[in-house]
Amino acid sequence: MKEDIARVRLSYGRAIAKRGFLERFYNVFLSSDSGIAKKFANTDLDKQQELLAMSVNMVILFPQENKIAKNAVSRIRTSHGSSELAIEPRFFDLWRESLILAVSEHDPEFDAELEVSWQKVLQIAIDYIREGY
Ligand code: HEM
């Protein structure tokens with residue numbers, strides 16, 4: 001897992017350095033289910049992109065028992081749970097797939113092996129957030 005995290009961190013760094021990466025993620029994610037677009041109907045997506053950029057780092061560091069990441073992901077677990085934003089658990093698979101698609105298009109070193117690392121790393125925080133629903 002340590003290796004996977006290291007590779008994913010570098011991949012994320014390469015992807016986010018490219019113009020249009022976060023915008024592409026939101027385009028894919030919001031069009032993947034009408035229920036998702038509805039949730040973001042009143043959201044300032046420019047601001048949301050900044051929050052996302054930071055929180056993906058926290059999601060990546062979460063499996064390493066990083067304290068700051070643990071706090072950040074715990075907050076997201078609460079805010080996305082049934083008594084706050086009420087994000088349906090199934091939407092998290094679309095979130096993961098949209099992010100990986102955007103990374104695959106923006107990281108020039110992306111390959112099948114790296115995709116497996118991304119899947120593994122993201123799944124841990126996603127499972128934790130979903131359990132909080
Ligand atoms: C691991 C995956 C996700 C991460 C890291 C994440 C991260 C965040 C963060 C950092 C915020 C800012 C407010 C807060 O701290 O709670 C936020 C807000 C929000 N997220 Fe997520 N999110 C994830 C998955 C999702 C999914 C699957 C949906 C599905 C629709 C979603 C919908 C929203 C909405 C509607 C807001 C509020 C936007 C607003 O303020 O108008 N998120 N998310």
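Whatever order the structure lists them in is the order used to number ligands and atoms, beginning at 1. In what follows, residues are counted from 1 in the order of the sequence shown.
Counting atoms of ligand 1 from 1 in the listed order, those under 4.0 Å from a heavy atom of F29 are 26 (C), 27 (C), 28 (C), 29 (C). Using a 4.0 Å cut-off to heavy atoms of I129, the atoms of ligand 1 that qualify are 1 (C). Those atoms of ligand 1 with a heavy atom of L51 less than 4.0 angstrom away are 12 (C). Every atom of ligand 1 with a heavy atom of S79 under 4.0 Å away is listed here by number and element: 14 (C), 16 (O). Listed by number with element, the atoms of ligand 1 under 4.0 angstrom from any heavy atom of T43 are 38 (C), 39 (C), 41 (O). Atom numbering of ligand 1 starts at 1 in the shown order; those under 4.0 Å from a heavy atom of V59 are 5 (C).
Less than 4.0 angstrom separates atom 13 (C) of ligand 1 from none of the non-hydrogen atoms of the protein.
What sits closest to atom 34 (C) of ligand 1 on the protein, heavy atoms only, is F40 CE2, 3.5 Å. Shortest contact from atom 21 (Fe) of ligand 1 to any protein heavy atom: H80 NE2, 2.1 Å. The closest protein non-hydrogen atom to atom 28 (C) of ligand 1 is I87 CG2, 3.4 Å. For atom 11 (C) of ligand 1, the closest heavy atom belonging to the protein is Q48 NE2, 3.9 Å. Scanning the protein for heavy atoms near atom 35 (C) of ligand 1, the closest one is K39 O, 3.4 Å.
D46 has its side chain out of reach of E50: every pair of non-hydrogen atoms, C-beta onward, lies at least 4.5 Å apart.
For the pair Q49 and L22, the tightest heavy-atom approach, listed with the atom from each and the gap, is O-CD1, 3.5 Å. Between K120 and M1, the closest heavy-atom pair is O-CE, 4.2 Å.
Contacts with ligand 1 closer than 4.0 Å are made by no heavy atom of M54, backbone or side chain. Residue-level proximity to ligand 1 for D44 is absent, since no heavy atom of it falls below 4.0 angstrom.
The pair D33-R90 counts as a salt bridge, with a side-chain nitrogen and a carboxylate oxygen less than 4.0 angstrom apart. Between E65 and K70, no side-chain nitrogen of the basic residue sits less than 4.0 Å from a carboxylate oxygen of the acidic one, so the salt-bridge criterion is not met. Taking the charged nitrogens against the carboxylate oxygens, R130 and D93 do have a contact shorter than 4.0 Å, which makes a salt bridge.
Among F62, F92, Y133, the one residue that satisfies the ring-ring contact (aromatic ring centres under 6.0 Å, His included) test with Y128 is F62.
Under a hydrophobic-cluster definition in which Ile, Leu, Val, Met, Phe, Trp and Tyr are linked whenever side-chain heavy atoms come within less than 4.5 Å, directly or via other members, V8 and L61 are assigned to different clusters.
For ligand 1, none of its N or O atoms has an N or O atom of N42 under 3.5 Å away. Between R75 and ligand 1, no N or O atom pair is found at a separation short of 3.5 Å. The shortest N or O to N or O distance between S55 and ligand 1 is not under 3.5 Å.
Heavy-atom contacts from other residues, nucleotides or ligands closer than 6.0 Å to CG of L10 number more than 12. Counting non-hydrogen atoms of other residues, nucleotides and ligands closer than 6.0 Å to CD of Q119 gives a total above 12.
Distances from ligand 1 to the non-hydrogen atoms of L85 include at least one value under 4.0 Å.
The distance from the CD1 atom of I87 to the CD1 atom of I36 is 8.5 Å, given to the nearest 0.5 Å. Here the OG1-CD distance, from T78 to E84, works out to 6.5 Å after rounding to the nearest 0.5 Å.
Of the candidates F91, W95, Y128, W95 brings a heavy atom nearest to atom 3 (C) of ligand 1.
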